[in-house]
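Naming convention: chains lettered A, B, ... in sequence-line order (proteins, then strands); numbering from 1 in each chain.
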Number of protein chains: 2
Amino acid sequence: MTSLIDSTKDRILAAAEELFARTGVARTSLRAITALARVNLAAVNYHFGSKEGLVEEVYRRRLEPLNRARLANLEQLQRRRRKPSLEEILEAFMSPVASLARDPAQGGPTVMRLLGQTHAEAEAPYKSYFAGEYKRVLDRYHAALCRVLPEIPPADVRWRLQFLVGALTYPVAERQLVELVSGESMSPDNVSQVVHRLLPFVTAGFRAPVSHAKPRRRRPPARATTPRKRQE
Amino acid sequence: MTSLIDSTKDRILAAAEELFARTGVARTSLRAITALARVNLAAVNYHFGSKEGLVEEVYRRRLEPLNRARLANLEQLQRRRRKPSLEEILEAFMSPVASLARDPAQGGPTVMRLLGQTHAEAEAPYKSYFAGEYKRVLDRYHAALCRVLPEIPPADVRWRLQFLVGALTYPVAERQLVELVSGESMSPDNVSQVVHRLLPFVTAGFRAPVSHAKPRRRRPPARATTPRKRQE
DNA sequence: CCGGGATTAAAACAATCGTTTAATGGTAGG
DNA sequence: CCTACCATTAAACGATTGTTTTAATCCCGG
């Protein structure tokens with residue numbers, strides 16, 4: 001049976017996840033993985049077919065619960081009687097990230113570096129594979145956000161959703177660089193702190209009026225730079 | 001002298017930049033670079049010592065002007081009589097990115113993908129090399145931002161600066177994924193559009209009051225996490 | 001015209017990569 | 001006990017990697 005607690009397959013997955021998160025997929029050899037997992041080299045090709053199959057499985061087992069949690073959070077929010085607020089929607093999107101980092105059974109802090117690497121891996125074949133369900137998640141949130149932000153054009157809501165993903169991903173993925181620059185240490189607990197600190201930032205960002213000044217058009221920019229309070 | 005317009009060194013740099021931006025450093029072989037540049041394979045080791053030397057030079061020649069422009073913009077802003085506004089500071093930080101993308105002599109749209117890859121390359125040795133001057137830039141901006149945001153604790157300003165970098169980097173680096181998800185095309189002109197759309201977002205984000213609630217005892221809006229067990 | 005450092009060229013280097021093959025261990029069912 | 005099947009092991013495969021070597025070529029000052 002494959003459901004033993006410490007099976008070869010699981011040890012390979014754990015070792016691969018650790019190394020992928022640390023040095024990326026391309027720089028991680030199968031020999032490094034099997035050495036860390038203390039299994040035979042050929043076990044990877046036996047259980048996963050190829051390195052690409054292993055990569056796909058490593059990411060799938062983390063991204064799938066994340067997407068599912070995000071969708072479930074949003075649906076639960078919309079099943080309520082009251083109309084969800086902007087802040088609630090944004091928290092529903094970001095909180096599963098912190099939950100994953102908190103739970104060692106779901107990867108713990110390691111999975112966060114892995115998620116950062118997900119966006120980093122260029123031209124990954126598995127990327128287009130997961131882009132489908134990821135797009136579905138973003139589409140749902142886009143619709144929900146447009147509903148609570150009627151004064152923001154949907155295209156701008158789309159962009160701001162991308163900004164949110166970037167702001168959420170970068171400090172987690174670039175843990176080393178952030179630590180080096182900011183001096184602060186990013187312990188696993190701090191990952192939820194990132195979400196917590198990011199929430200008011202993006203909430204205000206989504207509510208901001210869109211700038212209507214085109215780079216082409218030459219409107220007098222002196223008035224445009226003066227801060228106008230347009231929040232409700 | 002080696003400063004001829006179409007020297008071997010320049011062609012190697014251009015080809016390496018193109019391929020690094022497209023598929024990352026680890027997945028790009030020297031043979032692919034020299035084939036694209038139509039130079040001999042050994043020319044790389046002759047002119048740059050090693051592949052790592054080439055990588056370092058490729059990034060240095062783009063990151064150095066970017067850091068310099070950001071510092072120059074901030075200094076020019078502070079030399080004025082009037083106290084700079086928050087929006088002006090943020091635009092001083094972000095606008096050099098759009099300038100680089102607009103100018104083909106400075107890399108054009110390719111350099112943007114390269115910058116995205118910069119943060120993506122995990123455990124890069126050249127990273128710590130450039131982290132020094134990058135930290136200097138961030139420190140200057142952090143001080144300037146704290147001055148116009150006295151009500152925000154400096155630690156939060158530091159975090160929000162990281163959020164800004166993430167929101168700025170991600171849509172540019174993940175061009176393919178963003179296009180796939182949002183449907184919009186990211187032409188070189190659109191890079192400056194990203195900066196333009198991001199400015200009001202982050203301006204409002206920096207002004208947002210910090211959340212004083214503790215992450216421990218926070219009212220959960222919807223907790224659908226821990227969706228399933230791993231083992232069957 | 002010549003000579004010599006700088007540059008380019010072709011070829012081979014050792015090392016590492018992902019993958020495959022063949023042999024072995026171990027266990028459940030007949 | 002044997003067979004069939006799954007899992008694991010050791011060993012080698014061919015291909016590709018970055019790098020080095022060696023020779024040929026260029027280019028310019030004398």
Side-chain angles (χ1 to χ4, degrees), chain A residues 1-60 117 121-127 129, chain B residues 1-20 22-60 117 121-127 129 230-232:
Chain A
M1 302 290 282
T2 61
S3 61
L4 281 180
I5 54 166
D6 212 29
S7 72
T8 302
K9 216 169 173 178
D10 290 335
R11 288 220 307 280
I12 292 176
L13 282 174
E17 178 175 279
E18 167 66 27
L19 293 178
F20 287 168
R22 192 187 303 167
T23 51
V25 172
R27 286 186 164 86
T28 301
S29 68
L30 292 185
R31 284 170 175 84
I33 294 173
T34 54
L36 180 61
R38 294 199 315 274
V39 300
N40 189 269
L41 170 64
V44 172
N45 289 276
Y46 177 80
H47 286 287
F48 301 96
S50 63
K51 181 184 182 181
E52 191 177 311
L54 170 63
V55 172
E56 198 169 304
E57 180 66 19
V58 166
Y59 279 95
R60 192 195 57 77
Q117 290 277 343
E121 296 289 338
E123 211 170 281
Y126 50 90
K127 207 178 235 177
Y129 182 81
Chain B
M1 294 296 283
T2 61
S3 61
L4 280 180
I5 53 166
D6 212 32
S7 71
T8 300
K9 216 168 174 179
D10 291 335
R11 289 219 304 280
I12 292 176
L13 282 174
E17 179 175 275
E18 167 67 27
L19 293 178
F20 288 168
R22 194 187 303 169
T23 51
V25 172
R27 287 185 164 87
T28 300
S29 69
L30 291 185
R31 284 169 176 84
I33 295 172
T34 55
L36 180 61
R38 295 198 315 273
V39 300
N40 190 269
L41 171 63
V44 171
N45 289 276
Y46 177 79
H47 287 285
F48 302 96
S50 64
K51 182 184 182 181
E52 191 177 312
L54 170 63
V55 173
E56 198 169 305
E57 180 65 19
V58 166
Y59 280 94
R60 193 196 56 76
Q117 292 276 345
E121 298 289 339
E123 212 170 279
Y126 50 92
K127 208 177 233 178
Y129 182 81
R230 167 74 192 123
Q231 326 167 9
E232 179 264 341

- Message: Show, in sequence, the C-alpha distance, side-chain angles and deciding distance for B:Val25 and B:Tyr59, and conclude whether the side chain to side chain contact (heavy atoms under 4.5 Å, CB included) test is met.
- Response: CA-CA 11 Å; B:Val25 172; B:Tyr59 280 94; 4.0 Å; yes
- Item | Steps toward side chain to side chain contact (heavy atoms under 4.5 Å, CB included) verdict (B:His47, B:Leu13) | CA-CA 10 Å; B:His47 287 285; B:Leu13 282 174; over 6 Å; no
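By the side-chain hydrogen bond (donor to acceptor under 3.5 Å, both in side chains) test, B:Thr28 pairs with B:Thr23, sequence neighbours left out.
To the nearest 0.5 Å, the span separating CG on B:Leu54 from NZ on B:Lys9 amounts to 10.5 Å. Between atom CG of residue A:Leu41 and atom CZ of residue A:Arg31 there is a gap of 5.0 Å, rounded to the nearest 0.5 Å. The CD atom of A:Glu18 sits 11.0 Å away from the CD1 atom of A:Ile33 when rounded to the nearest 0.5 Å. Atom OG1 of A:Thr8 and atom CG of A:Asn40 lie 9.5 Å apart (nearest 0.5 Å). Distance check, rounded to the nearest 0.5 Å: CD of A:Glu57 to CD of A:Glu52 gives 13.0 Å.
The side chain of A:Thr8 contributes an N or O atom lying less than 4.0 Å from OP1 or OP2 of D:dT8. OP1 or OP2 of C:dT8 has at least one side-chain nitrogen or oxygen of B:His47 nearer than 4.0 Å.
Taking atom CZ of residue A:Phe48 and atom P of nucleotide C:dT19, one finds them 13 Å apart after rounding to whole Å. One atom, CG of A:Leu19, and another, C1' of C:dG18, lie 16 Å apart when rounded to the nearest Å. Distance A:Asn40 CG to C:dG25 P: 15 Å, rounded to the nearest Å. Protein atom CD1 of A:Ile33 is 17 Å distant from nucleotide atom P of C:dT16, rounded to whole Å.
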- Message: So if I define the base as every atom that isn't primed, P, OP1 or OP2, how would nucleotides 15-20 of chain D read as a B/S/- string at a heavy-atom cutoff under 4.0 Å?
- Response: --BBBB
For nucleotides 23-29 of chain D, which of its nitrogen or oxygen atoms have a protein nitrogen or oxygen under 3.5 Å away, and what is each distance?
none

